[in-house]
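A short write-up of the structure that comes next.
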Amino acid sequence: MNSNESKFPVLTALQAISDSIQNFPISILDAPPGSGKTTALPLALLKMGIGNGKKICILEPRRIAAKNAAKRISDSIGEDVGQTVGYRVRFDSKTSKNTKIEFVTDGILTKYLLSDPELSEYGLLVFDEFHERRLESDLCFALARKSQEIFRNDLKILIMSATLEGQNFSKIGIHNPPIEVITETFPLEIFYMGESNHNSQKRLLDLIPKAVEQTSGDILVFLSGKKEIIDLKMALESNPICQSQTSIFPLFGDMSLQDQEKVFLPLKDGKKKIVLSTNIAESSVTIPGVRVVFDTGFFKHSVFDPESGIQHLIKDRISLSSAKQRAGRAAREGNGYVYRLWSKEEESSFYDRTKPEILEGDLDRLILEVKSFGEGIDSLPFLDPPNKGSLLLSMERLKRLGCLDGNLNLTPIGKESLLYPLPIRLGRILSSLPKTMEYELEGIVSILENESSGKEAKDFSQRSSSNQTRNSPELKQIYKQILGIFQGKKEGVERVEEGQTQNFQFYLCKGYPDRIAKRKADGSDYKLSNGKIGVLSTNLLNLPDHLIAIDTISFGQTIYITQYLPISLEIINESLGDQLDTVQLPEIRTTQKGESYLVVREERKLGELTLESKELTKPDPLALQNALENYLLSLDWESEWKQRGELQSLYERVRFLVQNQILDLKVSFDELKHSAKEWLFPFINWEINKIALDRIPYYEAFKAYLGYENESILNKEAPTSLLVPSGSKISIHYSGNEPELHVKLQELFGLKQLPRLAKGKVNIVIHLLSPARRPVQITKDLESFWNYGYHEVKKELKGRYPKHPWPDKPWEAVATKHLNHNKRS
């Protein structure tokens, strides 16, 4: 092994890597941290002629990693950055016509792929730190593979990572095995510090000063987020040991690149370095001198709710692969020590790897970029395809923003929104903002400064946007970049109607149609047009009736509006008029006398939010008809008709004849309610503004629906009553499966059989009653009852009712409704 291979173990596998790149479209390299895969391998591959004379492009997920890698390789060959090896990251680039190896971030590579899908300048595309699985990196990988398939069968792709466990490449057709590099590592001791449910800051304040005194090398502390870093930094700076022996550096994503670079510079005063970092230092950034790692075991990440279009900042457990990467930071240059602020038992519940961002991130930009590339998302070979439900919801939101048309094609607004390296919402605002309102750009850019650690709401109209961008070097750079793009834009992408109020609120609505909110009747709750409820936590006494929820944060299930802009209803109507729906709905109004009326309420809605609502005093007859139709469809007709005795009786008789195929009518309640327009509506006076619900003419209308001829059949074949021998008219009940007659047995003396109904098809079920009208027998065969059952009944009841006739031959006796032939009962 030569000295170079000893220093960079990845070079021991150089021939295998070269052969794989030559023979396969995609090669996979599994090499541990410190093996030289980022800094030694690219130069070696260049010298071997990999890429057929074209450039090597290396995707580094983070800007600081891309710049550092380019600098280290350039230093190793005695050149300035930008000669053989260069980089392109947001706000900064150093390349020249001599550049052969180019480090880029995923945003830059996406631009390359969209502007030149053939990647004509590049022969080898390297995806470093592939395990991080950022959404934009996954998109670049899918687009690059599509480019291989359509344009460039000579384009080669190399995937590199130190932790590839759980990545299923075979499911997308990559079957060649990974090339594995084994290296000798420095000893690494890992200590588990017990259950993680203790206060992390208190534990670190106790442990870090001890580590400063008892260990050699610098200290790297992994924390979950920016707030935790700032809080711990302030606390450590008050500790005497840390004050005298260390310099403390924060490291998180939205620091300026200049401030991030300070972390990597050696200290000249002999002090130890303490770096407080998010997972930015987990894999793609190597901080020299680190020998001790403290790991709290948590990270913060955004989970996107595709239904509401709201990002939720979640504090979550890291994965086992992340824990491995973090621990590896301590043993890059010597013996290392890792202190994990959790127990060994807890670790058994950790996931193997971090979930890819594409499965829970905001897909809006990805969709527009894929449309711009000219492909459908389903046709791209994603390692993990985005969720189809999330895609559909995102496409609906993009249609509301005007970025996609009804056929899901990219619109001019969508194309211009993509020009701005901003969230699509803000790009959408800028696409319609006229050039005369350039002064509003700083306000739009300042929206990006949105990390909220608490629930307190800020009124966007009260903040000084210019100070915001000038006080933040990162925002200042973004502003300059956005200004350049904006000044080069063409007018007329979106036409604004003459006379419309053209102010900042008007244009901000364009980017937040689903975040328009209206205050509920009481308290500080607001309903958003996406259907969610947001809480405005503020000391203001007079809360605005309407606002734009610019930023939100969630704690559990509750959404807090952390940045908002008060807005008038007039501006909402002007800006989003094409998205407003006017609906007329039925409403039941009950008077003080208890009378219920159906009225028409007109609502003006934006998504799920009702902006305005009023009762129509002179509704259009068609509106009243629609209201009644909706009301009738919502009713339980069986229950409603049972409350109307005459109607119920008529309906049951008709249904009886329909069931027995005597009448041919549609009479199920479902059929009747869906055809009410035809048979019921002609009986209603529509020249009124309300309908009395207890006076809807169901009976008259249903009788007319039956028709004269059918009514005659009904009266004959399903009469309402029967004249019995005693002279009484007894009602026939049709509510059950068979018609029933409830009658005292003395009233049927001398009768052998009742008439059959439904053209002789159906017997009446006779419920024979005692003199006290209690049931004594049920029969369909009266003659059989007189011959057999009657004598048993007589024995039982004669002694109880001696004044009532109990003849021995009931079929010959005279029917009576009296006690005897001369007295009334």
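Please read all numbers here as calculations on a predicted model, not as lab measurements.
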### Task
Applying ring pair (Phe, Tyr, Trp, His ring centres under 6.0 Å) between Y698 and each of W641, W679, F683, report the one that passes.
W641
### Message
Between E678 and S675, do the side chains contain a donor N or O and an acceptor N or O under 3.5 Å apart?
### Response
no
### Message
Restricting to side-chain contact (heavy atoms from CB on, under 4.5 Å), what partner residues turn up for E792, sequence neighbours left out?
### Response
K795
Hey, can you pull the donor-acceptor pairs under 3.5 Å for the side chains in residues 714-727, sequence neighbours left out?
| from | atom 1 | to | atom 2 | distance (Å) |
| --- | --- | --- | --- | --- |
| N715 | OD1 | R653 | NH2 | 3.1 |
| N715 | ND2 | E711 | O | 3.3 |
| E717 | OE1 | K759 | N | 2.5 |
| S726 | OG | S728 | N | 3.4 |
| S726 | OG | S728 | OG | 3.4 |
| S726 | OG | E747 | OE1 | 2.4 |

### Task
Just do the salt bridge (charged side-chain N to carboxylate O under 4.0 Å, His left out) check on K666 and E671 with the steps written out, would you?
CA-CA 6 Å; K666 293 180 178 179; E671 289 169 327; 5.3 Å; no
#### Entry: Inter- and intrachain pairs under side-chain hydrogen bond (donor to acceptor under 3.5 Å, both in side chains), touching residues 618-634, at least two apart
none
### Message
Taking the ring of W637 and the ring of Y651, is the distance between their centroids below 6.0 Å?
### Response
no
### Query
Do Y564 and L543 come within less than 4.5 Å of each other through their side chains, counting heavy atoms only?
no
### Residues that D405 engages under side-chain contact (heavy atoms from CB on, under 4.5 Å), provided they are two or more places apart
N407, N409, T411
### Query
So does D694 have more than 12 non-hydrogen atoms from other groups sitting under 6.0 Å from CG?
yes
## Note on the structure
For residues 764-789, the salt bridge (charged side-chain N to carboxylate O under 4.0 Å, His left out) pairs (sequence neighbours left out) are E738-K780
### Query
Is K355 atom NZ crowded by more than 12 heavy atoms from other residues, nucleotides or ligands, each under 6.0 Å away?
no
### Message
Suppose we screen for side-chain contact (heavy atoms from CB on, under 4.5 Å). Which residues come up paired with S712, at least two apart in sequence or across chains?
### Response
Y708
### Message
Could you measure the distance from the CD1 atom of I567 to the CG atom of D545? Nearest 0.5 Å is fine.
### Response
12.5 Å
### Message
Working to the nearest 0.5 angstrom, can you tell me the gap between S417 OG and R425 CZ?
### Response
12.0 Å
### Task
Look up atom CD1 in I571 and atom CG in L508, then write down how far apart they are to the nearest 0.5 Å.
11.5 Å
